[in-house]
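Inspection log for the structure reproduced underneath, given as structure tokens.
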Amino acid sequence: QVHLVESGGGLVQAGDSLRLSCGASGRTYAMGWFRQAPGKEREFVAAISWSLTNTLYADSVKGRFTISRDNAKNMVYLQMNSLKPEDTAVYYCTGRRSSIPVRTGDEYDYWGQGTQVTVSS
């Protein structure tokens, strides 16, 4: 079992930037970020392969968010720029035993506890 721990959430203003970090207790292959806003379903944000060559983004964050990882440190990051109030949500780090990044939450094997991101207007 791999444990994931997110950090870096907080309260920011619209237009600000924030960087989320996620540490894994062991090796995972593809990793990703999902988010869930109050009263809404969980949604895919971004994912990255172990090789760093494949990345996926939700249309709503493309061009504003960047996912990256440091395999030597078992870390994955989400750089969030130009934040909007609609980005407010709990952000979850995920990992899976396959090297292929996917957009479907059910295909991920490991989940963190989440970190709150609040963007004020």
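For the numbers below, each heavy atom of this structure counts, side chains included, while hydrogens, waters and symmetry mates do not.
Proximity of a side-chain donor or acceptor of Glu6 to a complementary backbone N or O of Thr115 within less than 3.5 Å is not detected. Between the side chain of Ser25 and the main chain of His3, a donor-acceptor pair closer than 3.5 Å is present. A donor-acceptor pair under 3.5 Å links the side-chain atoms of Ser49 to the main chain of Asn54, judged by distance alone. The main-chain N or O of Asn81 is never found under 3.5 Å from a side-chain atom of Ser17 such that the two would form a donor-acceptor pair.
Between Lys84 and Asp87 no salt bridge is recorded (no basic side-chain N to carboxylate O distance below 4.0 Å). Note on Arg96 versus Asp109: no salt bridge recorded, every NZ/NE/NH1/NH2 to OD/OE distance being 4.0 Å or above.
Within a 6.0 Å sphere centred on CD1 of Ile100, heavy atoms belonging to other residues, nucleotides or ligands number 12 at most. Counting non-hydrogen atoms of other residues, nucleotides and ligands closer than 6.0 Å to OH of Tyr110 gives a total above 12. More than 12 non-hydrogen atoms from other residues, nucleotides or ligands lie less than 6.0 angstrom from CD of Glu86.
In plain terms, the two heavy atoms of Met31 and Cys93 that are nearest each other are CE-SG, 3.8 Å. Contact between Val61 and Val45 at its shortest, heavy atoms only, is CG2-O, 3.5 Å. Pairing each heavy atom of Pro101 with each of Leu56, the nearest pair is O-CD1, 3.3 Å. Considering all non-hydrogen atoms of both residues, Ala37 and Ala89 come closest at N-CB, 3.8 Å. Taking every heavy atom of both residues into account, Met80 and Leu20 meet most closely at CE-CG, 3.7 Å. For the pair Tyr108 and Val102, the tightest heavy-atom approach, listed with the atom from each and the gap, is OH-O, 2.6 Å.
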Side chain to side chain contact (heavy atoms under 4.5 Å, CB included) assessment of Phe44 paired with Arg35
CA-CA 7 Å; Phe44 169 79; Arg35 67 186 182 186; over 6 Å; no
Would you check, one step at a time, whether the test side chain to side chain contact (heavy atoms under 4.5 Å, CB included) holds for Gln79 with Phe65?
CA-CA 5 Å; Gln79 177 66 43; Phe65 291 10; over 6 Å; no
Walk me through it: do Leu52 and Arg69 pass the test side chain to side chain contact (heavy atoms under 4.5 Å, CB included)?
CA-CA 7 Å; Leu52 284 70; Arg69 65 188 297 168; 3.7 Å; yes
Side chain to side chain contact (heavy atoms under 4.5 Å, CB included) for Asp16 and Val119? Distances and angles first, verdict last.
CA-CA 8 Å; Asp16 286 350; Val119 185; over 6 Å; no
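Residues meeting the ring-ring contact (aromatic ring centres under 6.0 Å, His included) test with Tyr57, sequence neighbours left out: none. When the ring-ring contact (aromatic ring centres under 6.0 Å, His included) test is applied to Tyr92, no partner is found at least two apart in sequence or on another chain. With sequence neighbours excluded, the residues forming a side-chain contact (heavy atoms from CB on, under 4.5 Å) with Ser7 are Ser21, listed by chain and number.
Gln116 places none of its side-chain heavy atoms less than 4.5 Å from the side chain of Tyr91. Looking at Thr66 and Tyr77, their side chains never come closer than 4.5 Å, going by heavy atoms from C-beta outward. No side-chain heavy atom of Trp50 sits less than 4.5 Å from a side-chain heavy atom of Thr28.
Using a 30° and 60° split on the angle between ring planes, Trp111 and Phe34 fall in the tilted class, from 30° to 60°.
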